[in-house]
Protein chains: 2
Amino acid sequence: MWPNGWSTFIHSGTKQLTSGMAFPIICTVDVVLFTLKESALHVALLRREHEPFRGVLALPGGYIHPQADQDAESAARRVLQSKTGISSPYLEQLGSFSGAARDPRGWSLSVSYYALVAESLIASARSEASSQEVQLVPVERARGLPFDHRSIIEAALERVRSKSSYSSLPVYLCGDSFTLPELQAVYEAVLGESINKVSFRRKMDELDMLEPIEGAQQTGKAHRPAQLYRLKRQYRKQLSLTSRGINPD
Amino acid sequence: MWPNGWSTFIHSGTKQLTSGMAFPIICTVDVVLFTLKESALHVALLRREHEPFRGVLALPGGYIHPQADQDAESAARRVLQSKTGISSPYLEQLGSFSGAARDPRGWSLSVSYYALVAESLIASARSEASSQEVQLVPVERARGLPFDHRSIIEAALERVRSKSSYSSLPVYLCGDSFTLPELQAVYEAVLGESINKVSFRRKMDELDMLEPIEGAQQTGKAHRPAQLYRLKRQYRKQLSLTSRGINPD
DNA sequence: TGAATAGTGTCTTTCAGACATTATTAC
DNA sequence: GTAATAATGTCTGAAAGACACTATTCA
C-alpha cells in the first residue's frame with residue numbers, strides 16, 4: 001500500500017516522533033472574525049508580515065506554540081489578541097483544514113475558529129493594539145486570499161448562517177444594548193433574508209434570553225421609541241437555542 | 001506575556017519550523033465508528049498496540065503521515081482501513097482536540113472523525129482484516145478510555161443525534177435494503193425517543209431519497225409483509241436534509 | 001379465525017406568516 | 001395633525017401528532 005521503505009515509519013509509533021522532524025507538520029490556527037458594518041457582514045483581514053504571501057491580506061492566524069498555548073483554542077485567542085487587539089466574547093472551533101497542497105511551505109494543518117464581535121469592539125481595540133490596522137472587508141469581497149482562506153471563510157459563513165437560524169448567535173454582533181428592530185435587522189443581514197416581525201418577536205420571547213433595560217428607550221427618532229434590551233446575565237457567554245428555528249418571512 | 005526568551009520564537013515565522021522540532025506537536029487522527037447492534041448504538045474500539053496505554057481499549061487512531069496522506073481525512077480513512085479493515089461510506093470531520101494535557105507524550109492534536117456503518121459491514125470486514133478484532137461496545141459503556149477519547153465520543157454522539165433529527169444520516173446504519181419500520185427503529189435508537197409513525201413516513205417521503213425495491217418484501221413474519229426500500233442512487237454517498245426536522249412523538 | 005404488524009386516511013393541535021390596529025414619538 | 005415606526009392582537013394556512021381503520025401475513 002505504501003511506497004517501499006515507508007512501512008516501518010508508518011507502523012511504528014515511537015519512530016514517528018523522531019522521523020516526524022524530517023517531515024514536520026505545520027500547525028497553525030486561523031480566525032474568521034465577523035462583524036456587522038453598514039448592515040453587511042464583514043471579515044477582519046490583516047496584511048501578512050512574513051513569507052509566504054508577505055504583504056497580502058489574509059485571515060489573522062499564526063503558529064500554535066506548544067510551550068505557551070494550553071490548547072488550540074488558547075492559541076486562537078492569543079493570536080487574535082496579539083494581532084488585532086480583540087478578545088472575542090464568542091469564539092468557536094470551525095474545523096481543521098489540512099493537507100500537502102494548502103501551504104507552499106509543506107504539509108500543514110490549520111485549526112480554524114470563527115468569532116463574532118460588535119463593530120464598536122473592533123474600533124476600540126484598534127486604538128489600543130500596537131499592531132497594524134485590521135481591514136474589515138465585506139464577506140463576498142474577501143477573495144483572492146492566500147492558502148485556502150477563502151474556503152475557510154465560506155465554511156465559517158455557512159456555519160454562522162445555519163446556527164443563526166436556530167440560536168441567539170447574532171446577538172454577539174450587537175453592542176451591549178439594542179432594540180428588537182435593530183436585532184432583527186442583524187438577523188436579516190446574517191441570514192440574507194427578511195424575517196416576519198411577529199414570528200421574530202415570538203422566537204426572541206421563546207428564547208427567553210433578553211431582558212428590557214428598565215426605562216431605557218431608543219429616542220430621537222420621529223416615531224414611537226423602541227425599548228432597549230440586553231442579554232440576560234446567564235447568557236452573556238453562552239448561546240441560546242430555539243427548538244424550531246428562525247425562518248425567513 | 002511569555003516567559004523570557006520565548007518572544008523571538010513566538011513572533012518569528014521562519015524560526016518556528018526549526019524550533020518546532022524541539023517541541024513537536026503530535027498530530028494524529030481518531031475515528032469514532034458507530035454501528036447499530038441489537039438496537040443500540042455501539043462504538044468500535046481497539047486494543048492499543050503501542051505505548052502509551054498499550055493494551056487498553058481506545059478509538060481507532062494513528063499518526064498523520066505527511067508523506068502518505070493527502071490530508072487529514074485521507075489519514076482517517078487510511079487509519080480506519082488499516083486498523084479495522086473498514087471503508088466507511090460516511091465519514092465526517094468532528095473537530096480537533098488538542099492540548100498539552102491530553103497525551104502523556106506531549107502537546108498533541110487529534111483531528112477527529114466519525115463514521116456510521118451497518119453492522120454487516122463490520123462483520124465482513126473483520127474476517128478480511130489481518131489486524132486484531134474490533135470490539136463493539138455500547139456507547140454508554142465506552143468509559144475509562146485513554147486520552148480524551150470519552151469526550152470525543154460524546155461530541156460525536158451529540159453530532160450524530162443532532163444531525164439525525166434533520167437528515168438521512170441514520171440510513172448509513174442500515175444495510176443496503178430495509179423496511180420503513182426498521183428504519184424508524186434505527187432513528188429511534190439513535191435519537192433515544194419514539195417517533196410518530198405517520199410523521200416519520202411523511203418525512204421520509206418528503207426527503208425523497210428512498211425507493212421501494214420492486215417486488216421485494218420482508219416476509220416470514222406473522223403479519224402483513226413490509227416493503228423493502230433502498231437509497232436512491234443519487235443519495236448513496238450523500239446526505240439528504242429535511243427542512244423542519246424529525247421530531248419526537 | 002385471531003394475533004400481529006404494515007400501511008393509510010383524517011381529525012386535531014400547534015406554530016409560523018399575513019395583516020390590521022393601536023401606541024408614541026418628532027415636526 | 002401627519003409621518004414614521006414600535007408594538008401587539010388576531011386570522012389563516014401549513015405541518016406535525018393522535019387516532020382509527022384497513023391490509024396482509026402466519027399460526
Side-chain angles (χ1 to χ4, degrees), chain A residues 39 162 164-168 174 177-189 191-230 240-249, chain B residues 39 164-168 174 177-189 191-208 210-230 240-249:
Chain A
S39 297
S162 118
S164 293
S165 71
Y166 62 91
S167 81
S168 59
C174 290
S177 70
F178 45 83
T179 68
L180 286 181
E182 281 169 356
L183 183 60
Q184 178 169 353
V186 171
Y187 269 86
E188 289 175 337
L191 296 172
E193 298 169 313
S194 66
I195 301 170
N196 181 283
K197 181 168 66 165
V198 179
S199 301
F200 178 74
R201 282 162 185 257
R202 271 197 293 243
K203 275 299 169 207
M204 288 303 120
D205 191 55
E206 175 194 310
L207 279 172
D208 195 34
M209 64 182 178
L210 302 181
E211 57 186 11
I213 305 174
E214 295 298 330
Q217 298 193 321
Q218 186 196 54
T219 184
K221 301 281 175 64
H223 54 74
R224 176 173 173 178
Q227 176 65 49
L228 283 169
Y229 289 83
R230 65 177 164 224
S240 183
L241 307 178
T242 66
S243 51
R244 291 214 183 181
I246 288 156
N247 304 309
D249 199 6
Chain B
S39 297
S164 293
S165 71
Y166 62 90
S167 81
S168 59
C174 289
S177 70
F178 44 84
T179 68
L180 286 181
E182 280 170 357
L183 183 59
Q184 178 168 353
V186 171
Y187 270 86
E188 289 175 339
L191 297 171
E193 297 169 314
S194 65
I195 300 170
N196 182 284
K197 181 171 63 167
V198 178
S199 301
F200 178 75
R201 282 161 184 257
R202 271 198 294 245
K203 275 298 168 206
M204 289 302 119
D205 191 55
E206 174 194 310
L207 280 173
D208 195 33
L210 302 182
E211 59 185 11
I213 305 175
E214 296 298 332
Q217 299 194 320
Q218 187 196 55
T219 182
K221 301 280 176 66
H223 54 76
R224 177 174 173 177
Q227 175 64 48
L228 283 170
Y229 289 83
R230 65 176 163 225
S240 182
L241 306 179
T242 65
S243 51
R244 292 210 182 184
I246 288 156
N247 306 307
D249 200 6

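So you know, we letter chains A, B, ... as the sequences are listed, proteins then strands, and number each from 1.
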Qualifying side-chain hydrogen bond (donor to acceptor under 3.5 Å, both in side chains) pairs with a residue from residues 211-221 of chain A, counting only residues at least two apart or across chains
A:E182-A:Q218, A:E211-A:R230
What's the spacing between A:F200 CZ and A:L180 CG if we round to 0.5 Å?
6.5 Å
Going from OG1 on A:T179 to CD1 on A:I213, what distance comes out if it is rounded to the nearest 0.5 angstrom?
10.5 Å
[X] has an atom [atom1]; how far is it from atom [atom2] of [N], in whole Å?
{"X": "A:E188", "N": "C:dG17", "atom1": "CD", "atom2": "P", "answer": "12 Å"}
{"X": "A:L207", "N": "C:dC15", "atom1": "CG", "atom2": "C1'", "answer": "15 Å"}
{"X": "B:L180", "N": "C:dT5", "atom1": "CG", "atom2": "C1'", "answer": "13 Å"}
{"X": "B:R201", "N": "C:dT5", "atom1": "CZ", "atom2": "P", "answer": "14 Å"}
{"X": "A:L210", "N": "D:dA7", "atom1": "CG", "atom2": "C1'", "answer": "15 Å"}
{"X": "A:E182", "N": "D:dA6", "atom1": "CD", "atom2": "C1'", "answer": "12 Å"}
{"X": "B:Q184", "N": "C:dT5", "atom1": "CD", "atom2": "C1'", "answer": "12 Å"}
{"X": "B:M204", "N": "D:dA16", "atom1": "CE", "atom2": "P", "answer": "12 Å"}

Examine the base of C:dG17 for any acceptor or donor lying under 3.5 Å from a partner atom in the side chain of A:K197, and report the outcome as yes or no.
no
According to ring pair (Phe, Tyr, Trp, His ring centres under 6.0 Å), who are the partners of A:Y229, at least two apart in sequence or on a separate chain?
none
Residue list, side chain to side chain contact (heavy atoms under 4.5 Å, CB included) with B:E188, at least two apart or on another chain
B:Q184, B:S194, B:I195
Could you list the residues that satisfy side chain to side chain contact (heavy atoms under 4.5 Å, CB included) with A:S162, not counting sequence neighbours?
A:Y166
With a cut-off of less than 4.0 Å, is there a side-chain N or O of B:N196 near OP1 or OP2 of D:dA16?
no
Phosphate contact (C:dC15 OP1 or OP2) by A:R202 side-chain N/O below 4.0 Å
no
Closest of C:dG9, D:dT8, D:dA16 to the B:S199 side chain is D:dA16
In terms of side-chain heavy atoms of A:K203, which of D:dA7, C:dA18, C:dA16 is nearest?
C:dA16
Taking DNA chain D as the partner, which of residues 218-230 of chain B come within under 4.0 angstrom of it by heavy atom?
B:K221, B:A222, B:H223, B:R224, B:P225
Residues at least two apart in sequence or cross-chain that pass side-chain hydrogen bond (donor to acceptor under 3.5 Å, both in side chains) with A:S177, listed by chain then number, are none
Residue met sooner reading DNA chain D from 5', once B:F200 and B:Q217 are mapped to nucleotides:
B:F200
